[in-house]
Amino acid sequence: MDRFYITTPIFYVNDVPHLGHAYCTVNADAIARWHRLIGDSTLFLTGTDEHGAKVAEAAEANGVTPREWTDRTSARFAEAWRGLAISNDDFIRTTDERHYATVQQFLQKIYDNGFIAKDTYRGLYCVSCEDYYTADQLDGDKCPVHGRPVTEMEEDNYFFRLSAFEDRLIEWFEKNPDAIRPASKRNEALSFIKGGLKDVSITRTSLSWGVPVPWDEGHVFYVWYDALINYLTAIGYGEDAEKVAAWWPNVHHLIGKEIIRFHCVWWPAMCMAAGIEPPANIFVHGWLLVGGQKLSKSMAADGDAPVKLTDITPASLTEEYGVDAVRYHLLRDTPLGTDGEFSIEGLIARYNSDLANNLGNLVARVATVVGSKCDGVGPAPSPTSPLADSASTALAAAADAWERFAPHEALEATWRLIGAANAELEATEPWKAEPGTVDDVLGSALEVLRIVSLLISPAMPATADEIWSRIGLAGSPSDHPLPAAAAWGGYPGGLSVTKGDPLFPRRKATA
RNA sequence: GGCGGCGUAGCUCAGUUGGUCAGAGCACACGGCUCAUAAUCGUGUUGUCGCGGGUUCGAGUCCCGCCGCCGCUACCA
């Protein structure tokens, strides 16, 4: 049995979960579900990043301890993911005991290996960003992000000798051309490395809300530095060498393009410094862009302001359109690796054409005709149906696409099968035929629905279960491993088929 | 400034190493069907492939220049 380890970034708790977080997490979830479906032993990890000055400040402003504050804010993410049917196997928090233990061991190892040393850092610091700026980055004398004045700071910090890894990183990139995808993002990281690397300050003394540096009291690790290590905490680094060996380094980090440097430069170097292999796969996704148009006011913080992606909560969409429809849109409309447009109009267009007209209507019309021509008992499929080829083609294309982290292609392939089934019904017109002569075509249509349930289950688990159940099957498609389960002829016949309400009622063009 | 990317039908986008590459889906039009969520099936229209040069028998596909947009340029989840 193969193993499959996939991660999202851990999200910073001061953010409210928004559509950008959801985009990444839903994609990771669908890919994880696909791997479970093909029988891989799968570990899907997400979580929250909870250290740093901003969190400490927010806690104080709310009159609670940082820990109480992050208990509350971390829960918002867990809740958002429940609302999107996210099937993470673990939810890591950087405030977990286990994480402190792993971070300290991992960094102690780097320290012992001689890649961490003390030095003095001087710079212009923005408290809001928790970050230093160079003079030319400033907007006058203010932080370009927050517009707040920066302060001159000087700290005795520990520095990670990133510069020592320039050659090794370049070699790693060249020996592993597919480690970072897409290639455009790999090149971006590589050119950054080739431009020369400077050592990075990885500890702070100005705050205490962080993981303590084990060899020097009074220092805590810089939030980014402890955050990356979560990927090792979850597989028991420092605790369970066997478990680490089982899952590492063949991990798949799914990340957004804004954090390329941390994941594609720092993180591999940190792993090298600690004496372990760098992560085998890093897949960089793009951003969802929100155009000039306004979204529904219920989704915007300020009804008249231009809506930003970060203003859109996943719940505002799932309440209106349903969990699976939102998941489908996120997976189908923006290929991983490129930026995409997000709009309610696009969501509705996709909903109506793919979900209501093609899939939902196919389920409805098949159920109706089985009801009228077969007394509601589904016949077995024909072994010679032309749809058998369509089904195997769809399965092969979907499998290939999921392997390449291309959910949109996997779904596109599945919809070609749905289209073929609709066309086959038109060609054979079972509603005109005498009962008794329609078993082959209706059985084959039901078989398509069974296979479609399997193929859509990573993307739309609830819909898959519902179709599965309506055609009379017990359990859930996710209990039936591919590819065997998707072989033509699996629908047994003799099962009771129920019509039910429309799976996806059509939507008006305006929300 | 430096490095990199993008600009293809109304919309969203495909287009490997240059030669049916001018495409898909949506939208739209017409026709069929009426089992189905006015859904479905079939057929079809739309483009100076950002602009201007060049290489070539032949260029969205290579080269040069220009215009427009964007990303990265160090510690911004």
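Naming convention: chains lettered A, B, ... in sequence-line order (proteins, then strands); numbering from 1 in each chain.
A:Leu503 comes within contact range of at least one nucleobase, with a heavy-atom separation under 4.0 Å. At a threshold of 4.0 angstrom between heavy atoms, the contacts of A:Asn14 with the nucleic acid are absent. Residue-level contact check: A:Phe504 touches the bases, meaning some heavy atom is under 4.0 Å from a base atom. A:Gly195 comes within 4.0 angstrom of no nucleic acid atom, judged by non-hydrogen atoms across all strands. Note on A:Leu425: nothing from the nucleic acid sits closer than 4.0 angstrom, heavy atoms only.
Each of B:C3, B:C35, B:U37 was ranked by its minimum atom distance to the side chain of A:Ser191; first place goes to B:C3. In this structure, the nucleotide among B:A39, B:C41, B:A36 sitting nearest to the side chain of A:Thr368 is B:A36. Nearest to the side-chain atoms of A:Arg350 among the listed nucleotides B:G25, B:U40, B:U37 stands B:G25. Nearest to the side-chain atoms of A:Ser201 among the listed nucleotides B:U37, B:C75, B:C35 stands B:C75. Of the candidates B:C75, B:C35, B:A39, B:A39 carries the atom nearest the A:Asn357 side chain, counting heavy atoms from C-beta on. Of all nucleotides listed (B:G71, B:C75, B:U37), B:G71 comes nearest to the side chain of A:Glu188. Relative to the side chain of A:Trp266, the nucleotides B:C75, B:A36, B:C41 differ in distance, and B:C75 lies closest.
B:G19 and B:C33 have their P atoms separated by 44 Å, with the value rounded to a whole Å. Of the C1' atoms belonging to B:G47 and B:G60, the separation is 12 Å, rounded to the nearest Å. Taking atom C1' on both B:A22 and B:U46, the two are 13 Å apart, rounded to the nearest angstrom. For the P atoms, the distance linking B:C62 with B:A29 amounts to 38 Å, nearest Å. When the P atom is used for both B:U48 and B:G5, the distance is 27 Å, rounded to whole Å. With P as the reference atom, B:G65 and B:G4 are 12 Å apart, rounded to whole Å. Going from the C1' atom of B:A27 to that of B:G71 covers 32 Å, rounded to whole Å. The gap from the C1' atom of B:G7 to that of B:C51 amounts to 11 Å, rounded to the nearest Å.
Looking at residues two or more places apart in sequence or on another chain, you find a ring-ring contact (aromatic ring centres under 6.0 Å, His included) between A:Phe405 and A:His252, A:Phe283. A:Ala234 pairs by the side chain to side chain contact (heavy atoms under 4.5 Å, CB included) definition with A:Tyr5, A:Leu45, A:Asp90, A:Ile92, not counting sequence neighbours.
Atom-to-atom, CD of A:Glu409 to C1' of B:A24 comes out at 13 Å; the value is rounded to the nearest Å. For the pair A:Leu355 CG and B:G25 C1', the interatomic distance rounds to 14 Å; values are reported in whole Å. The nearest whole Å value for the distance from the CZ atom in A:Arg332 to the P atom in B:A14 is 12 Å. Atom C1' of nucleotide B:G25 and atom CZ of A:Arg416 are separated by 11 Å, given to the nearest angstrom. As a whole-Å value, the separation of A:Phe165 CZ from B:C75 P is 21 Å. Atom CG of A:Asn422 is separated from atom C1' of B:U40 by 6 Å (rounded to the nearest Å). Spacing between atom CH2 of A:Trp415 and atom C1' of B:C13 amounts to 19 Å, rounded to whole angstrom units. Atom CD1 in A:Ile193 sits roughly 15 Å away from atom P in B:A74 (whole-Å rounding).
Side-chain contact of A:Arg93 with A:Asn230: a donor-acceptor pair under 3.5 Å is absent, judged by distance alone. A donor atom on one side chain and an acceptor atom on the other are found under 3.5 Å apart for A:Thr368 and A:Lys499. With hydrogens and angles left out, the side-chain atoms of A:Glu50 and A:Trp209 include no donor and acceptor closer than 3.5 Å.
Contact between A:Asn27 and A:Pro407 at its shortest, heavy atoms only, is OD1-CG, 3.4 Å.
For the OP1/OP2 pair of B:G71 and a distance below 4.0 Å, the side-chain nitrogens and oxygens of A:Lys185 include no atom meeting the criterion. For B:U37, neither phosphate oxygen OP1 nor OP2 lies less than 4.0 angstrom from any side-chain nitrogen or oxygen of A:Asn352.
With a glycosidic angle no further than 90° from 0, B:G60 counts as syn.
Here the two rings, on A:Tyr23 and A:His18, have centers that are 6.0 Å apart or farther. In summary, the aromatic rings of A:Tyr231 and A:His263 are positioned with their centroids under 6.0 Å apart. Taking the six-membered ring for Trp and the full ring otherwise, the centers of A:Tyr328 and A:Tyr351 sit at least 6.0 Å from each other.
Judged by distance alone, with hydrogens and angles left aside, A:Asn361 brings a side-chain donor or acceptor within reach of the base of B:A36, the pair sitting under 3.5 Å.
In this structure the side chain of A:Phe221 never reaches within 4.5 angstrom of the side chain of A:Ile229, judged on heavy atoms. A:Arg204 places none of its side-chain heavy atoms less than 4.5 Å from the side chain of A:His219.
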Anything under 3.5 Å between a protein N or O and an N or O of nucleotides 6-12 of chain B, put it in a table, one pair a line.
none

Contact list (N/O, under 3.5 angstrom) for nucleotides 29-33 of chain B vs protein:
| from | atom 1 | to | atom 2 | distance (Å) |
| --- | --- | --- | --- | --- |
| B:G32 | N2 | A:Glu426 | OE1 | 3.0 |

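The environment of A:Glu174 atom CD is dense: over 12 non-hydrogen atoms of other residues, nucleotides or ligands sit within 6.0 angstrom.
Taking the nucleotide of RNA chain B with the nearest heavy atom to each of A:Ala420 and A:Ser184, the more 5' of the two is matched to A:Ser184. If you find the closest nucleotide of RNA chain B to A:Val369 and to A:Ala423, the one lying nearer the 5' end belongs to A:Val369.
For the pair A:Glu426 and A:Arg365, the salt-bridge criterion is met [side-chain N within less than 4.0 Å of a carboxylate O]. Between A:Glu188 and A:Lys257 there is no salt bridge, since no side-chain nitrogen of the basic residue lies less than 4.0 Å from a carboxylate oxygen of the acidic one. Remark: A:Asp439 does not engage A:Lys373 in a salt bridge, criterion side-chain N to carboxylate O under 4.0 Å. Look at A:Asp178 and A:Arg186 and you find no salt bridge, because none of the NZ, NE, NH1 or NH2 atoms lies under 4.0 Å from a carboxylate O.
Heavy-atom distances under 4.0 Å link RNA chain B to no residue of residues 440-448 of chain A.
A donor-acceptor pair under 3.5 Å is formed between the side chain of A:Glu447 and the backbone N or O of A:Tyr491.
Among the duplex regions that RNA chain B forms, those built from at least three successive Watson-Crick or G-U pairs under 3.5 Å are B:1-7 with B:67-73, B:10-13 with B:23-26, B:28-32 with B:40-44, B:50-54 with B:62-66, ordered by first number.
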